[in-house]
Amino acid sequence: MSKQQRWNELADVKDELASRDWFPGTSGNVSIKVSDSPLAFYVSASGKDKTKRTSEDFLLVDQYGKPIEETHLKASAETGIHCEVYRLTDAGCCLHVHTVDNNLISELYGDVGEITFQGQELIKAFGIWEEEGSITVPIVENYGDLSKLSEAVGAVIKPDTKAVLIRNHGITVWGRNAFEAKKHLEAFEFLFSYHIKLRTLNVLNKNQSFGGVINGTTTIS
Ligand SMILES: CSC[C@@H](O)[C@@H](O)C(=O)COP(=O)(O)O
Ligand SMILES: [Zn+2]
C-alpha cells in the first residue's frame, strides 16, 4: 500500500473516533505503520484539533519518533509510546484516546495495576473464543516525564497485550491494522462502560446480587 493510502486510512479512522467525541480538548493521538524495516509511521501532529481533517494532520517519523521528511510540524508529545508499541508488538496501527470511562477504570484499578474482563461476548473482538477466556489491560501511572511514561508502557506490554491504560489519562490500544485497532478500542470502551455502570448499579442495589467485581475481574451471575 502507498504512503498516501496509509495516510487516508489513518485520517478515516481519526474521523470515526472524532465522530464518537473521543478527542476532547485536542487530546488523543493516532499512528499507522508505513514500513517495517526500517520502521516508519505516520503520527498525528501535536496539539491539533483531532476532529478536523487537514493536510497537516500527520508527519512521517522513524523508530525514535524523529521526523523523516522536512516538516514544520511537531510530532505528538506521546510519539514515544507509539514507538514502544511498534518495537514490542506486531501493531500496524496505534490509537490513543481519553474518555471518561477509560479514566474512571484507570483510577478505580490503578492501585491493582490491571483490570481483567471475563464472561463478556465482546472479548471475542480480541480473537479470544474460549468460554472462560479473559483479557487483561495493564495500568501504568501517568508520569509527567514522557520518556519515563513511554518506558513504563513498554515495560507492561506482554505478547498478548492489546492495550495499556495510563492512570487518569487515557488508553493506548493497537491492532495489526487500522480496522483491528479500532475494533479493539471500541470493544475496550464497551467493556469499560459496562463495568462502570455495573459497579454503579451494585452500589445502588447493595443487597442484590446480579454481578460483581472480584480482584479487578468483572463477573456475571
Ligand atoms: C490537551 S490534553 C492531552 C495531551 O496532554 C496528551 O495527553 C494527548 O493525548 C495529546 O497530545 P498530542 O501532543 O496532541 O498528541
Ligand atoms: Zn494523551
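Position 1 is the first residue of the sequence, and the numbers go up from there. All ligand and atom numbering here is 1-based and tracks the order in the structure.
For the pair Glu130 and Lys124, the salt-bridge criterion is not met [side-chain N within less than 4.0 Å of a carboxylate O].
Listed by chain and residue number, the protein contacts of ligand 1 are Gly25, Thr26, Ser27, Gly28, Asn29, Ser46, Gly47, Lys50, Ser76, Ala77, Glu78, His96, His98, His169 (heavy atom within 4.0 angstrom).
Between Tyr143 and His169, the side chains place no donor N or O within less than 3.5 Å of an acceptor N or O (distance only, hydrogens not considered). With 3.5 Å as the limit, one finds no donor-acceptor pair spanning the side chains of Glu107 and Asn103.
Nearest N/O/S atom of Glu78 relative to the Zn ion (ligand 2): this is OE1.
Considering only residues two or more places apart in sequence or on other chains, Val156 meets the side-chain contact (heavy atoms from CB on, under 4.5 Å) condition with Pro138, Val140, Val164.
Remark: aromatic rings of Phe117 and Tyr194 are distant, center separation not under 6.0 Å.
By the 4.5 Å heavy-atom criterion applied to side chains, Glu189 and Trp22 are counted as neighbours.
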